2 protein chains.
Amino acid sequence: MASYHHGDLRRVLLSTAAEAIAESGPAALSLRELARRAGVSHAAPAHHFGDKAGLLTALATQGFDLLADALRQAGDDLLDTGVAYVGFAVRHRAHFDVMFRPELYRADDPELVAARARSGELLRGGVARRTGREPDADALAAWSIVHGFATLWLSGALPPRVGDDPEAAARTVIGRLFS
Amino acid sequence: MASYHHGDLRRVLLSTAAEAIAESGPAALSLRELARRAGVSHAAPAHHFGDKAGLLTALATQGFDLLADALRQAGDDLLDTGVAYVGFAVRHRAHFDVMFRPELYRADDPELVAARARSGELLRGGVARRTGREPDADALAAWSIVHGFATLWLSGALPPRVGDDPEAAARTVIGRLFS
DNA sequence: GTGCCATCTTGTCAATGACAAGTTAGGGTG
DNA sequence: CACCCTAACTTGTCATTGACAAGATGGCAC
């Protein structure tokens, strides 16, 4: 049929891309493979995103928005915020994988910059509420520990002994920051 | 000239690859571009490494060995070990970038597995000496915080306020783990 | 000096990203 | 209702790439 005006292609391409990246990483992503999965012509993705970097920019932007949502839902407690960060990374692996690899996308895209700023604000806010101190060093330590744990978990570098529940393990690890 | 028996091609290709990756990330690495930079034919890299994944496997293995060296030089203090970890990531950015991205290489390669085990041992050793406690959770927390800081630093996600000396900033951040 | 074999080359193929140019349909305007 | 105007897609093409096959070269053992 190849009916024109799919109507929803942009959204479908984004979620299909997320699936593909979750399976084999951003490096293996192919626009043409994506188009095939979505049942459209090989040049359709380029129309919506310009090029591959454009697609990944959109994906990263969506990722920062999803992260902001997750952090908001976690409430005010810093420990919960940290666990939510790890939970986001595990649940939205593809987004997370792209977000912190700025060489893959256009890091100066206005929408992306705005979304990134929003999620960063929430992160810093959680730390300030907990410690009351000058948040700089504490925020950096908290962000580092949750980001590091999430990254190591996703890379499969952690020994099996850590278990299979990333959020529970994260809670233990983050706890060490306040002992 | 195109003299056969370059003699040192494997080593040259590895260091050239590290340069290229440091410039534009592992995704942008091209075997043919590499061959061009080294002044050899477009198929020479494949001879030494089989394929792209083979090259990255070799690079990751070399990376784990370099990390082990850096950790050994740091001595017994846990804080110094952590700073050394961050220092390694910054100084050998390309290696670090590849090491924790197992989908890019053959993670079950015997040499790589051995090198990774060696550096892991040094990391755990540093933690055990400092705390004396059951090292699992502490080691994980320490590894997470240094790995997270290094990753965030390299990704450029940190605000300028953190400064331009990653090792000094790392020392402050890691200190928060024992306060 | 002869043969062997690791090292490197040339040649080729399918797949890919990017771009140019064409096609379709749906909504607003007259 | 006819028109067209534009966003949403398509077809076609090109240079580049990774992988592989087959050939060339030269040092080294014997």
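Predicted model, so just to flag it, every value in this text is computed and none were measured. Here is how names work: the chains are called A, B, and so on, in the same order as the sequence lines, proteins then strands, and each is numbered from 1.
For the pair Thr151(B)/Phe100(A), no side-chain contact is recorded, criterion being any heavy-atom separation below 4.5 Å from C-beta on.
Taking 4.0 angstrom as the limit, Ser30(A) places none of its side-chain polar atoms (N or O) nearer than this to OP1 or OP2 of dA15(C). The side chain of His48(A) places no N or O atom within less than 4.0 Å of a non-bridging phosphate oxygen (OP1 or OP2) of dA8(D). Proximity of Arg36(B) to the phosphate of dT17(D): a side-chain N or O atom is located under 4.0 Å from OP1 or OP2. Dashed line: the shortest gap from a side-chain N or O of His47(B) to OP1 or OP2 of dC20(D) is not under 4.0 Å.
The distance between atom CG of Leu13(B) and atom P of dT9(C), rounded to the nearest whole Å, is 10 Å. Between Leu55(A) atom CG and dA18(C) atom C1' there is a gap of 14 Å when expressed in whole angstrom units. Arg11(B) has its CZ atom 15 Å from the P atom of dT7(C), to the nearest Å. Between Asp51(B) atom CG and dT17(D) atom P the separation is 17 Å, expressed in whole Å. Put simply, NZ on Lys52(B) is 13 Å from P on dT16(C), counting in whole angstrom units. Nucleotide dT16(C) holds its C1' atom 12 Å from the CG atom of Leu29(A), rounded to whole Å. When rounded to the nearest whole Å, the span between CG of Leu56(A) and P of dG17(C) equals 11 Å.
Comment: Arg37(A) engages Glu23(A) in a salt bridge, judged by a side-chain N to carboxylate O separation of less than 4.0 angstrom.
Out of dT13(D), dA19(D), dC9(D), the shortest distance to the side chain of Leu31(B) is found at dA19(D). Among the nucleotides dG17(C), dA20(C), dT10(C), the one closest to the side chain of Ala43(A) is dA20(C). Between dT12(C), dC8(C), dG17(C), one nucleotide has an atom nearer to the side chain of Arg32(B) than all others, and that is dT12(C). For His42(A), whose side chain is taken as the heavy atoms from C-beta onward, the closest listed nucleotide among dC19(C), dC20(D), dA19(D) is dC19(C).
Within 6.0 Å of CD in Glu167(B) there are more than 12 heavy atoms belonging to other residues, nucleotides or ligands.
The ring pair (Phe, Tyr, Trp, His ring centres under 6.0 Å) test applied to His42(A) returns no partner, not counting sequence neighbours.
Not one N or O on the side chain of Arg171(B) forms a donor-acceptor pair closer than 3.5 Å with the backbone of Val83(B).
Two residues, Glu33(A) and Ala46(A), neighbour DNA chain C, and the one matched to the more 5' nucleotide by heavy-atom proximity is Glu33(A).
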